[in-house]
Each structure stands twice: as structure tokens, then as C-alpha cells.
Amino acid sequence: MDDNGIPIAVESFPGNTLDHLTLRPALKKNIDDLDFSRFILIADRGICNYMNLLHVLYAGNGYIVSKSLLKSTKKEQNWTYSDDGYIKISDDFKYKSRIVKRTHKDENGQNHTIEEKVVVYWSRKFQARCERENKKFLDFLKKLEESPENFRITALQSKSLRKFFKKDCVNQKTGEVMNSSDIKAFIDFDKVAEYRRSMGYYQIVTSELKMDPLEVIDKYHGLTQIEDQFRVMKGDLDTRPFYVHTPEHVDAHMLICMISLILLRIIQKRIINSGLISVDEDAYWNTGLNSERIQKALNKWKVDTLPGDLYRFTDVDDPDLKLILDAFKIKIPAKLYRKSELKRIKTDTKIFI
């Protein structure tokens, strides 16, 4: 999508395709040949390995992506957690940045050394959200640490705990080092402590070396709009599951859903820009009307046919429908209409301004 949240392209892949293998084919097919002067890719860590980022970079474009703090090196983690260099905005937010050099292979196996800016920040709001979302799991880990003899770990719990298993262990009697995969694994509570410590911290890397760190953070947070695109398409627009099988039918289904999403976004953008509502930046697309309410409101915008070739609008006083009409400056006085008047309303409506 563009920076107004309007979809540019959509691509589908078989369900067993790994996320990081989807980006380059989608860019090559849909984006690389478009007449952009330059664009900045904003995406989450799931699809952004350095092969993908190098493809973006050497096509003359830029990127702003997140990077897992827990999967970073100890040196990077220590720099993040150190108080040195942080700029404190308030008791609830601080940030810092630096420029680093990295060497990675491109899709052809050739090494490239690049410079990128690393921006890290700590947010009390983000920390509270992480603790809230992981409360049950963290409470379980705490009780497990205090009294492991009282627990029998289920297969589901074991899957969640796997990232905290030690890689090797030592037989205290013989000194023999054993691989943990060969024995019953146990918890590395140092990793648990590291996991707790990371809550509230976030790491972003970008090719935009001269961009202010706060602007980097702000632009990355626009990712929530991208995530909402998927939520709307999968939910309100019933893009998934697919009930068609041939590539032609899949493309047709995706195209219809994309056009529907574009129309929804145009309506939402007009509402947001109308000045009729206050904008909540944390819930941008849901400000005013979410997609489900827009669908329901538009389904109410109908006319009754009356004798004498007369027409009457129904439900134009519905609050949601009225907000949409007001945003597009469409006035529907309460009266009976001729067909010519209905056509005039249609031709006078300006979709793009």
C-alpha cells in the first residue's frame, strides 16, 4: 500500500510458502517496474531477511523493518539495555540510535557491506502490553521455577517453553556434556530472565541514515495500517478461505477483494479528513467507522420505488450512513425524487478530491 493506506498490489502464494520467500517474487512482479521515484518498504521481521533487504536497497529503494532483540547478538543486546546514549522524552519513553556496518549475501550469493541505522526504544506502554499479553505464561514460568516438582508439562506448554531450553547440559557426577535433544530438556531460567528484561524494548533497522530516529519509529508504527489491511481482507471481505482452485479464479477473487478494500479505504480516508470526527492515531482505520460498519451502512443506502415514477431514500438518517454521506458532501433532503434527480446526485458526487 502507499503512504495513504491505499493498496497498490496484492499477491497470493500457496499456503505452505515461508513468509520470507514471498517478498522478492511479489516485488519483482508487482512493484519493481512501477514508475516510483523511490519508496521505503516498511514490514515486520517475518519477511525481511537480508537477501530481501538487499534486493530493495539495490533497486534504489529503502527499508524500515523491525529486528528481533532476543535473536540479536549479546553485544547488540547489551547496547540496547545500557542507559548510555538514551534520549529521554518522558518517564514513559526513551530512545537512541547508532549507525552500524553489516555484511550479508544477496540472492546470488555475493557479499555486500551496507550501512544501516539501528533505532531502539523503550516504552512503558509497550512493556505493559507485553506483560499483559504474556501474563499467564510468565506466571506459569515463575511457579515452575519456584516449585518444579509440582508440575507436569503438557505438549502445548513444552512447545512454548522450547525457546528457553538449554542447548547442552552436564552430568554433575561424570562431567559428561550431553546434547539436550538427547535427554529430557529443562528450562534455562537465564533465558527467561532475558525474555522478561526485553519487554518494553523494541529494535528497528533502516537504510535511511539521515532520518531522525523519532521519524523512523513513527513511520514503522504505520505498519499497523498494513496489518489492518490483512485483517479486513481475511475477515470483513472474506478473502480467505478460498473456494476456488484455478490460478485464474484465485486472481479474480483477489482482484475483487482488493477493489473492495480500495473503496473501503477511500471512504475511511474521506471520513478521517472530513473534520467531522477526532482522529485516534493508535486506531487509525477504525477512527470514525471500521470496515464492518461501513459495509452495513452502505447496505442501507437504498431507494424505494413509488407510484408515479417517484423514488424515496431509506435510512439516510442512520448515524453511520449519514457520516459517510456528510464526508462526501452528499445532501439527501427528505423528499420524493425523480429519476433525473437521482442521476444528478450520482454525477455531482466527487469520489476523489
Side-chain angles (χ1 to χ4, degrees), residues 19-20 42-49 63-98 117-146 148 151 153-154 156-166 185 187-206 213-231 234-235 280-286:
D19 284 352
H20 70 274
I42 301 176
D44 65 18
R45 68 195 75 169
I47 63 173
C48 289
N49 59 24
Y63 60 84
I64 298 175
V65 300
S66 62
K67 183 181 179 185
S68 172
L69 193 54
L70 292 174
K71 293 181 180 179
S72 299
T73 65
K74 283 293 181 185
K75 185 177 180 181
E76 290 173 320
Q77 292 178 10
N78 291 337
W79 175 75
T80 298
Y81 299 140
S82 170
D83 287 334
D84 293 344
Y86 270 103
I87 298 174
K88 187 176 180 181
I89 301 299
S90 68
D91 291 338
D92 298 326
F93 186 87
K94 62 180 181 179
Y95 72 94
K96 65 179 175 180
S97 67
R98 62 176 178 172
K117 177 176 285 188
V118 181
V119 179
V120 295
Y121 69 87
W122 175 86
S123 163
R124 192 180 304 278
K125 185 177 179 181
F126 180 51
Q127 180 179 359
R129 192 182 82 183
C130 291
E131 291 173 346
R132 183 172 62 253
E133 292 175 349
N134 294 277
K135 185 177 187 306
K136 288 185 179 180
F137 184 56
L138 292 174
D139 289 346
F140 167 74
L141 287 174
K142 183 179 180 181
K143 292 176 182 178
L144 180 63
E145 183 176 15
E146 293 172 348
F151 285 87
I153 299 176
T154 66
L156 182 62
Q157 289 169 330
S158 176
K159 187 176 180 180
S160 299
L161 291 169
R162 193 170 297 152
K163 61 185 174 183
F164 301 114
F165 288 164
K166 289 186 176 181
I187 305 300
D188 185 344
F189 283 101
D190 288 339
K191 288 185 178 180
V192 175
E194 184 180 299
Y195 178 63
R196 289 178 181 273
R197 188 183 186 188
S198 70
M199 290 186 174
Y201 287 94
Y202 211 86
Q203 181 176 226
I204 302 169
V205 295
T206 178
L214 288 178
E215 186 179 357
V216 172
I217 295 170
D218 182 63
K219 288 188 180 298
Y220 178 77
H221 285 168
L223 185 62
T224 56
Q225 296 180 31
I226 299 173
E227 292 167 345
D228 192 68
Q229 309 274 45
F230 288 104
R231 185 192 64 77
K234 293 175 183 177
D280 181 357
E281 294 295 342
D282 290 333
Y284 186 77
W285 288 120
N286 290 328

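Numbers for residues simply follow the sequence, beginning at 1.
Taking 4.5 Å as the limit, some side-chain heavy atom of Lys94 sits within range of a side-chain heavy atom of Asp83. When side chains are defined from C-beta on, Ile42 does not count as touching Tyr63, because their heavy atoms never get closer than 4.5 Å. With contacts defined as side-chain heavy-atom distances shorter than 4.5 Å, the pair Gln77/Glu194 qualifies. Proximity of Val205 to Val65: side-chain heavy atoms (C-beta onward) are separated by under 4.5 Å at one or more points.
Below 30°, between 30° and 60°, or above 60°: for Tyr86 and Tyr201 the angle between ring planes is between 30° and 60°, a tilted geometry. In this pair, Phe126 and Tyr121 present their aromatic rings tilted. The plane angle is within the 30 to 60° band.
Under the 4.0 Å criterion applied to side-chain N and carboxylate O atoms, Lys88 and Asp91 are assigned as salt-bridge partners. Between Asp84 and Lys96, no side-chain nitrogen of the basic residue sits less than 4.0 Å from a carboxylate oxygen of the acidic one, so the salt-bridge criterion is not met. A salt bridge between Glu131 and Arg196 is absent, with no side-chain N of the basic residue lying under 4.0 Å from a carboxylate O of the acidic one.
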**Message:** Evaluate Gln127 against Trp122 for side chain to side chain contact (heavy atoms under 4.5 Å, CB included), listing each step before the verdict.
**Reply:** CA-CA 8 Å; Gln127 180 179 359; Trp122 175 86; 3.0 Å; yes

**Asked** Given the rule in the side chain to side chain donor-acceptor pair (under 3.5 Å) test, do Gln203 and Ser72 qualify, once you have shown the distances and angles that lead to the verdict?
**Response** CA-CA 10 Å; Gln203 181 176 226; Ser72 299; 3.0 Å; yes

**Message:** Assess the residue pair Leu69 and Tyr202 against the criterion (side chain to side chain contact (heavy atoms under 4.5 Å, CB included)); give the C-alpha distance rounded to whole Å, side-chain angles, the decisive distance to 0.1 Å, and a yes or no.
**Reply:** CA-CA 7 Å; Leu69 193 54; Tyr202 211 86; over 6 Å; no

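Under 3.5 Å, the side chains of Tyr220 and Ser66 contain a donor-acceptor pair of N or O atoms.
Rounding to the nearest 0.5 Å gives a distance of 9.5 Å between CZ of Arg197 and OG1 of Thr80. From Asn78, atom CG reaches atom OG1 of Thr73 across 8.5 Å, with rounding to the nearest 0.5 Å. Of the inter-residue distances, the one linking Arg132 atom CZ with Asn134 atom CG reads 10.5 Å to the nearest 0.5 angstrom. Here Ser123 contributes atom OG and Tyr95 contributes atom OH; the two are 14.5 Å apart, rounded to the nearest 0.5 Å.
Other residues, nucleotides and ligands place more than 12 heavy atoms under 6.0 Å from the NZ atom of Lys67.
Screening Glu215, His221, Lys219 for a side chain to side chain contact (heavy atoms under 4.5 Å, CB included) involving Ile217 leaves a single residue, His221.
Remark: side-chain polar atoms of Glu133 are not paired, donor with acceptor, to backbone N or O of Cys130 under 3.5 angstrom.
By the 6.0 Å and 45° rule, Lys74 does not stack over the aromatic ring of Trp79.
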